[in-house]
Amino acid sequence: MNNQEYLIKKENILSVFILGWMAFISTLKLSTKHILYPICGQLFGILLLSLTPILEYREMVSVTNTPDGWIYFLLSLSGAFIFTFSLWKFFVVLCATNLLARDIYDNRAIANLSFYISDVNRKKWSYFRFLLGYLFIMLFFTFLTAIIMYIELNLRIYNFITASINIFLLIIQSTIFLTYILLSNIIIQHYSFNRFLGFWQILKRTLNFIKINFVQLTILSMITILFSNIIAYFIQMLISFLVINPFNISADNSIGIAIRFAVGFIANSFIIVLFQYIYTRFYFLAQNNNE
């Protein structure tokens, strides 16, 4: 594979997006099965996990009063385990994808994605601790947002002071949301290429990276969000045209909902993998520009 066209050079944000997309397409054959396995595992886990709620609330079957109700609960528990394990495997694939993208952009000899997955698994406990830290940050942002929404809902008296408070809270909420978007988009690259560092060191470096490259990273994040929304809309339209309408499946039909969810879930997962190529390229481009 000739990687000369993917070498990092002086380029704009649009070029980063296009070349990241091209790199993703060029390695899709090498990585598709490794991406699909954890995605299908997550879908299967969700299916098992949702059996009890579906029977209880959609099919009007009281699982607790049926003789074999315990089987459904065991299936739901096994579904939770399968989903969690597959989600971990998917995160391993994401980290490995960054390593593969790095070798493409450095014009190194590249291997099958399984080679990079093995590399990540050699330091899986380090990665596991990083993901726990990342989960803590997600919960922290969620907690802050919930507090702001609670305060907004309880501002019942409308006057100049409460209007000013609402504007102030809106600014804070927007800042939190933007910070989370930028952080979540670039933090995995900082771990992938600095796996010897602890979580708080990686977080510190990521925040400093965001501060230095705030405008460009914001523009790139907006482009990727817009792209993912367009793809989601296109997929929903395609499903309706090819499956829902020809077979007269209503919008609230269980089969229709399942098809939409499964196809959307798979497409979204591949888009997340695509973003690793894009943000890895941006990461190294920004590193080169800041040297």
Side-chain angles (χ1 to χ4, degrees), residues 1-39 89-124 126-127 130-131 182 184-197 202 205-206 209-210 212-213 216-217 219-228 231 266-291:
M1 178 179 177
N2 183 11
N3 299 330
Q4 288 289 337
E5 61 183 312
Y6 300 117
L7 288 176
I8 302 292
K9 51 186 179 297
K10 294 289 183 180
E11 55 195 69
N12 57 40
I13 296 300
L14 188 58
S15 298
V16 170
F17 180 83
I18 293 173
L19 289 171
W21 172 266
M22 290 171 60
F24 168 72
I25 295 297
S26 68
T27 58
L28 197 56
K29 185 177 179 180
L30 294 174
S31 55
T32 295
K33 69 175 183 178
H34 301 287
I35 299 171
L36 274 177
Y37 287 158
I39 295 174
K89 289 294 185 182
F90 182 70
F91 273 107
V92 170
V93 168
L94 292 185
C95 186
T97 299
N98 284 285
L99 302 178
L100 172 59
R102 174 201 60 191
D103 285 357
I104 293 174
Y105 300 146
D106 283 348
N107 198 25
R108 303 179 187 179
I110 64 171
N112 191 286
L113 188 61
S114 59
F115 171 82
Y116 301 97
I117 291 174
S118 299
D119 186 20
V120 176
N121 281 328
R122 277 195 289 270
K123 294 185 178 180
K124 58 185 176 183
S126 167
Y127 194 27
F130 165 77
L131 291 176
L182 299 182
S184 61
N185 278 341
I186 201 68
I187 193 170
I188 193 171
Q189 281 72 38
H190 280 76
Y191 171 80
S192 300
F193 308 123
N194 301 278
R195 285 179 286 166
F196 57 91
L197 296 177
I202 291 172
R205 288 194 177 195
T206 305
F209 182 89
I210 292 172
I212 295 172
N213 303 283
Q216 288 182 307
L217 184 57
I219 294 172
L220 182 60
S221 296
M222 294 303 105
I223 291 174
T224 53
I225 290 172
L226 177 63
F227 172 79
S228 60
I231 293 297
I266 293 171
N268 186 62
S269 298
F270 272 92
I271 288 172
I272 292 173
V273 175
L274 162 65
F275 287 173
Q276 305 314 304
Y277 289 87
I278 295 170
Y279 285 103
T280 292
R281 187 169 190 88
F282 178 78
Y283 173 87
F284 285 113
L285 176 65
Q287 296 282 46
N288 292 345
N289 291 340
N290 294 330
E291 286 178 355

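Each residue takes its place number in the sequence, starting with 1.
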What salt bridge (Lys or Arg N to Asp or Glu O under 4.0 Å) pairs are there with at least one residue in residues 110-119, not counting sequence neighbours?
Asp119-Arg122, Asp119-Arg195
Listed partners of [X] passing ring-ring contact (aromatic ring centres under 6.0 Å, His included), at least two apart:
X      : value
Tyr191 : Tyr127, Phe130
Phe270 : none
Tyr37  : none

Rounded to the nearest 0.5 Å, what separates atom [atom1] in [X] from atom [atom2] in [Y]?
X      : Y      : atom1 : atom2 : value
Ile272 : Phe91  : CD1   : CZ    : 7.5 Å
Arg205 : Gln189 : CZ    : CD    : 14.5 Å
Ile278 : Ile223 : CD1   : CD1   : 9.0 Å
Leu131 : Lys124 : CG    : NZ    : 13.5 Å
Thr97  : Gln276 : OG1   : CD    : 6.5 Å
Ile271 : Phe227 : CD1   : CZ    : 5.5 Å

At their closest point, which heavy atom of [X] faces which heavy atom of [Y], and how far apart are they?
X      : Y      : value
Gly20  : Leu274 : O-CD1, 4.1 Å
Ser192 : Leu99  : O-CD2, 3.6 Å
Ile39  : Ser269 : CD1-CB, 3.3 Å
Thr224 : Phe275 : O-CZ, 3.4 Å

Residues that Arg102 engages under salt bridge (Lys or Arg N to Asp or Glu O under 4.0 Å), provided they are two or more places apart
none
Residues forming a side chain to side chain contact (heavy atoms under 4.5 Å, CB included) with [X], sequence neighbours excluded:
X      : answer
Ala96  : Leu113, Tyr116, Ile117, Val120
Gln216 : Ile13, Asn213, Phe282
Thr206 : Leu183, Ile186, Ile187, His190, Ile202, Ile210

Can you list the residues that meet the side chain to side chain donor-acceptor pair (under 3.5 Å) rule with [X], with sequence neighbours excluded?
X      : value
Tyr283 : Asn194, Gln287
Ser114 : Asn112
Ser31  : none
Asn268 : none

Close side-chain approach of [X] to [Y], heavy-atom, < 4.5 Å:
X      : Y      : answer
Phe193 : Thr280 : yes
Tyr277 : Leu19  : no
Asn98  : Tyr279 : no
Trp21  : Ser26  : no

For Tyr105 together with Phe284, are the ring centres under 6.0 Å from each other?
no
Going by atom types only, do Asn12 and Ser15 share a side-chain donor-acceptor pair under 3.5 Å?
yes
